[in-house]
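We name chains A, B, ... by the order of the sequence lines, and we start the count at 1 in each one.
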Number of protein chains: 2
Amino acid sequence: MKKKELQGVKEIARRANVTIATVDRVIHNRAGVSVKTREKITKIIEELNYQPNMLARRLASGKIIKLAVLIPSVTEETEFWDAPLRGIQRAKTEISQYGLQVDSFFFDLSNKQSFIDQANAILESAVDGIVLAPTFIQEARTFAAACNTKGIPYVFIDSTLPDQQNLSYIGPPLFQSGYLAGKLSTYALREKSQLLVVNIATAIESYTYKETEEGFRAYFTDHLKPYPILRVDIHQTDEKSVFRNLQPLFESNPAIDALFVTNSRSFLVARFLEKMNPAPKPLLIGYDLVKENAKYLDNGLIDFLICHQPEDQGYRSIMTLYQFLIFSKAIDKEQYMPIDIVTRENQAFYRN
Amino acid sequence: MKKKELQGVKEIARRANVTIATVDRVIHNRAGVSVKTREKITKIIEELNYQPNMLARRLASGKIIKLAVLIPSVTEETEFWDAPLRGIQRAKTEISQYGLQVDSFFFDLSNKQSFIDQANAILESAVDGIVLAPTFIQEARTFAAACNTKGIPYVFIDSTLPDQQNLSYIGPPLFQSGYLAGKLSTYALREKSQLLVVNIATAIESYTYKETEEGFRAYFTDHLKPYPILRVDIHQTDEKSVFRNLQPLFESNPAIDALFVTNSRSFLVARFLEKMNPAPKPLLIGYDLVKENAKYLDNGLIDFLICHQPEDQGYRSIMTLYQFLIFSKAIDKEQYMPIDIVTRENQAFYRN
DNA sequence: CTGAAAGCGCTTACAG
DNA sequence: CTGAAAGCGCTTACAG
C-alpha cells in the first residue's frame, strides 16, 4: 500500500503532475514552460533539495567537452614540460570516458611566432576551455583577450600574468620559492661569501624570473645578511654561451659560495663547474627534477632542486576546467603548488 | 550502409554473438559461462581494450561498498592523525555518490585494549575493506589474521608490519627518511660535534623507530663521518618526562649540535630547548607539520620537519581499496610517500 | 506549452 | 549455460 518514493526527476514530476520532460526544462532553464508550471516545479525542487545525479546526467547527455592545451614542446633542453604533459595525459585517461576531449598544441620556446600560430589554431577549433602556458607576455595577453571575447575560460599553468581574467593559475608561488632558495643557500655561506644568481633563457624579461630573483634577494634583506649578490643573464641556452658567460665571473670572483639558477637549466651550470680546473664547489640550487639535473644531484654537483610537482600541475589544469565546465564548481583563482626541496637523498621518492 | 559501431558491452556482445548478459558474466568472472564462450569474449575484450563505463556501472548497480578505517584518535598530542582523517573524508566526499560508505573507528594510542575492542567491532560489522594503522604489533597481527580468514582486504597506513598479507602499505619509506635527516643534520656540524637521536613514545619497540634511526645512522656510516651519535628513549610522552630525560644529557654533552626526533613530538624537545638557560641552539629535525611543530618552525627552534603528506595517505588508502574492490585493479604492495622537507620558508604552501 | 518514447552503458532478477 | 527485459536517473529528439 505504501507508495515507494521515486527518485529525482521522477519524484518531482509525480508531485507536480507533469512529465519528467517538463521537469528537465525547468531544471535547465529552458524555454517553453508556462509560468505557473515553472513555479510549481521550482518550488518542489527546493522542497526536496534536489541534487541532480551527475552520473546519470553525464551518461544520458552525449555532450563532449573539448579542451585545448597550449604549452612548450618537449625537447632535451625543455624536458620540464614532459611532466605536465604526463599529468594532462593522466587526467585525460581518467575522465575521457566521462565526455572529455583534450587536444594538445605545442609551441617552440625560442619562437614567438609558433606560439601565435598555435594560439590561432586553437581559436579556430572551437573549444570549451584552454590550458595555457603564458610564456610570451604580449602574445599571451592577446590570446587571453581573444578568449575573453569568445567567452572561453582558460587557466594558466606554471607561470602567470597579472591582471588577466584567467579562471585560475596553477603553478608555483615564485617569490616564495626564490625566498626558500635564499634560505637554503645560507648553509654554504661564510664570512666573505658572494652569491650568484644565474638566469638562462631566451625570454629573461619574463615576469617569472623577476619574481623569483626578488624572492631570493628578499631573504637576505629580511635577515640582514648583506652578502653581495651577483647576477648574470644568459640569453642563449646553449652550453657554449653558458660557459662563456660564467667563466669570467668565476675567475674574478673566487668567493662565490652559492649559486642560484632560476629555472631548470641548472645542469648547464653544473656542467660548467665540472669542467673548470680547479673545479670550484659552491652550493648549487636549481629548479626541477629533469633528467640532467637528477644526474648532477646524484653526483653531488647540484645540492638542491626546488620542484613544484609539474605532473600534478598538468593534472590539475585539466581537472580544474572539467570541474568548472561540468559541475559549475567555484574555482580558486590561485592554485599554488607546494615548494618541494629535492636532494640526492629523497629524489627517488619524489613524484615528478 | 555503414553500421555505426556500438559501445561497450553491446559491441562486445555483437562481435561475440551473444547477449550483453553473457558479456557481463565474463566481465565479472561470474560462473555459468562455457569455457568456449568465455574465451571468445575475453579475447574480444582485450582486442577492444574495453574499459567499463563506471558511470553506467554505478548507476545501474545499487551496490554499496562498505569500508572501515581503524586509526588513532586525534588528540592535541596525536594531532598527526587529523590529516589522514581529512584525506579519508575527502575521498569519501568524492566518491560517496558512486556507492561508497566509510565508517571510522578510533583507538587510543596509549591503550592497547581500545585497539582490540575497535578491531572486533569492525569484524562484526561486515565490511568489504579496511584501512588500518598497525601501531600495536601483536594486536595488529591478530586482527590481520582475522581479516585474512574472512577474506577482507586491508591496507596499512603510516606504518607497516613485515610478512603480512596486507593489500598495500601506504606510508613513508622509513629508512630513507632517516637517511635524509642524517644528511640535513650535517649542515650544523663542526669538528667536534655530537648528535642526538630522540625517541619519544610509549611503544618505542615499534619497528618504525628502529628503521628510522638505522637510516639516520647509515648516512654517517656511508659518508665516513664518525661523529658520536647519542640516543635517548623516552617512554612517557608528557613534557615533564621529556625534560627530565633531556636535561642531564645536555648538561654533560655541550657539543650536541644536531638533534633528530624520530616522530612528530619534536615540539616537546623544542619546548625543552626554549626553557633551558642559556638556551642551546642545535639544529633540530623532527617529523610532521602538526600545529605545535609549525609554531616552533616559525620561531626558528625547529629547522626541518620531514613530512609524508599525511592527508594524501588517508586519501590514497581509501582510493586504493576502492580501486581494488570496484575495478579489481592490481595494487602495488608498497606505496611509498615522498620524503618532503618542510622549513619555515615553504610551510605555508605545504599540502598537509 | 507539454508529453511519450528512446536511449546513455551498464546490472539485476528471472526464465528457459 | 544463455537470453529477454526492466531499470538506474537523466537527456534528447520528436509529436502534438
Taking the side chain of A/Arg30 as heavy atoms from C-beta outward, which of D/dC10, C/dG9, D/dT12 is closest to it? D/dT12
A/Arg25 side-chain proximity, nearest of C/dT12, C/dC10, C/dT2: C/dT2
A/Thr37 has its side chain closest, among C/dG9, C/dT2, D/dC10, to C/dT2
OP1 or OP2 of D/dC8 less than 4.0 angstrom from a side-chain nitrogen or oxygen of B/Lys63, does that happen here? no
Does B/Ser61 put a side-chain nitrogen or oxygen below 4.0 Å from OP1 or OP2 of C/dC10? no
From the candidates C/dC10, D/dG9, D/dC10, the one with an atom nearest any side-chain atom of A/Gln7 is D/dG9
Anything below 3.5 Å on both distances counts as a pair; with that, list the stems of at least three consecutive Watson-Crick or G-U pairs involving DNA chain C. C:1-3 with D:14-16, C:5-12 with D:5-12, C:14-16 with D:1-3
Which nucleotide, D/dT2, C/dT2, C/dT12, lies nearest any side-chain atom of B/Val33? D/dT2
Counting neighbours of NZ on B/Lys43 that are heavy atoms of other residues, nucleotides or ligands and sit closer than 6.0 Å, is the number greater than 12? no
Sequence-distant partners of A/Arg86, side-chain hydrogen bond (donor to acceptor under 3.5 Å, both in side chains), two or more places apart: A/Asp82
Using a cut-off of 6.0 Å, state whether more than 12 heavy atoms not belonging to B/Gln101 lie near its atom CD. yes
Return the nearest nucleotide to the side chain of A/Thr19; candidates are C/dG3, D/dC10, C/dT12. C/dG3
Could you state the atom-to-atom distance from NZ of B/Lys10 to P of C/dG9 in whole Å? 6 Å
Run the side chain to side chain contact (heavy atoms under 4.5 Å, CB included) test against A/Ser96 and tell me which residues pass, sequence neighbours left out. none
Under 4.0 Å: is that the gap between some side-chain N or O of A/Ser34 and OP1 or OP2 of C/dT2? yes
Whole angstrom value for the distance that separates C1' of D/dC1 from CD1 of B/Ile41: 11 Å
Specify the separation, in whole Å, of atom CG of B/Asn53 and atom C1' of C/dG7. 14 Å
Pairwise side-chain hydrogen bond (donor to acceptor under 3.5 Å, both in side chains) hits with a residue in residues 117-127 of chain B, at least two apart: B/Gln113-B/Asp117
Short side-chain N/O contact from A/Thr22 to OP1 or OP2 of C/dC1, under 4.0 Å: no
Non-neighbouring partners of A/Ser114 that pass side chain to side chain contact (heavy atoms under 4.5 Å, CB included), sequence neighbours left out: A/Phe107, A/Asp108, A/Asn111
Would you kindly compare B/Gly32 and A/Leu59 by the position of their nearest DNA chain D nucleotide and give the one closer to the 5′ end? B/Gly32
For residues 148-162 of chain B, which residue pairs qualify under side-chain hydrogen bond (donor to acceptor under 3.5 Å, both in side chains), counting only residues two or more places apart or in two chains? B/Asn148-B/Tyr154
Figure out the CG/C1' separation between B/Asn17 and D/dC1, and round it to whole Å. 16 Å
From C-beta outward on A/Ala21, which listed nucleotide comes closest to its side chain: D/dT12, D/dT2, D/dC10? D/dT12
Without decimals, in angstroms, what is the distance between A/Arg14 CZ and C/dT2 P? 19 Å
